[in-house]
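Sequence lines set the chain letters: A, B, ... in the order given, protein chains first and strands last, and positions in each chain run from 1. We use all heavy atoms of the structure for the numbers below, so side chains are in, but hydrogens, waters and symmetry mates are not. Quick caveat: nothing in here was measured; it's all calculated off a predicted structure.
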Amino acid sequence: MKNAVRALRMRQNLAQGQLAEAMGVSRQTINSIENERYTPSLPLALALARYFGVTVEEMFYDQGS
Amino acid sequence: MTKDRNRGITHSKWFLPSFSFVLGLVILAVAWLGGHPGEGAYGLAGLTAFGLFFLLAGRSETIRGLRGDGRDERFAQIDLRATAITGLALLVALIVAWLVAIARGQSGRPYDWLLAIGGLAYLLAVAWFRWRG
C-alpha cells in the first residue's frame, strides 16, 4: 500500500527515529512503512494520521486512487 | 503509543535472559534428580551464556525484538509468522518420524501422541479465536 509518511515526515524535518519514538514503534518499522514493506495496523495508521494532521485516506492509498 | 498498549513482562530486556537462566536452573535440578548433575551444569552454563549474550548484544532491531524490549506491532507480526513456520516444521518432522516408526514395525509412540496434541491444540485455538472474533 502506498503512503505519504516519508513526504509528511520530511516536510516537518523529522528523522525516522523521532517519528518512531513519537509513535512508540521501532525506527525500522517506520522505515518499512515508508518503503511499503509493512502495512501498519489501524491504530498505528490513525496515530500517524493524527500526528501529521491529515486523514488516514490522505496518508494511505492504494495504487488506483 | 502502539508500543505502550502491549507493554508487559515480555517487553523487558530482562525477559529472555531471565527465562534462559531459570530454564537452566530447572535443567540442573532435573539432571541432578536423574543422577547426572554434570550435564545439568553444562545446560545451566550454556543457557546462562545464551541469556547474557542477548542481554549484552546491543541495540540491533533483531536482538532487541528477540530479547523483548524492542517489540512493536511489526515485530509481533514477524514473531507470529516465525512461530507458525516453527510449528509447521515440527509438524512435518513428527509426521515423517511417525511414518518411519510405523514402517519399521514400531508402535509410533510418542509421535502419535505429540501429533494428537498438536492437532487438538490447533482445533481448540481455531474454535477459541472464532468464538472471540
Next on the checklist: Quick check for you: to the nearest 0.5 Å, what is the distance between A:L44 atom CG and B:E73 atom CD?
Outcome noted: 4.5 Å
Checklist entry - Say you draw a straight line from CD of A:Q28 to CZ of B:R74; how long is it, rounded to the nearest 0.5 Å? => result 7.0 Å
Is there a path of hydrophobic side-chain contacts, each under 4.5 Å between heavy atoms, that joins [X] and [Y]?
{"X": "B:F50", "Y": "B:W14", "answer": "no"}
{"X": "A:F52", "Y": "A:L42", "answer": "yes"}
{"X": "B:L91", "Y": "B:Y111", "answer": "yes"}

Item to check | Residues forming a side-chain contact (heavy atoms from CB on, under 4.5 Å) with B:Y122, sequence neighbours excluded | outcome: B:V126
Checklist entry - For the side-chain contact (heavy atoms from CB on, under 4.5 Å) test, which of A:P40, A:S41, A:S26 pairs with B:D72? => result A:S26
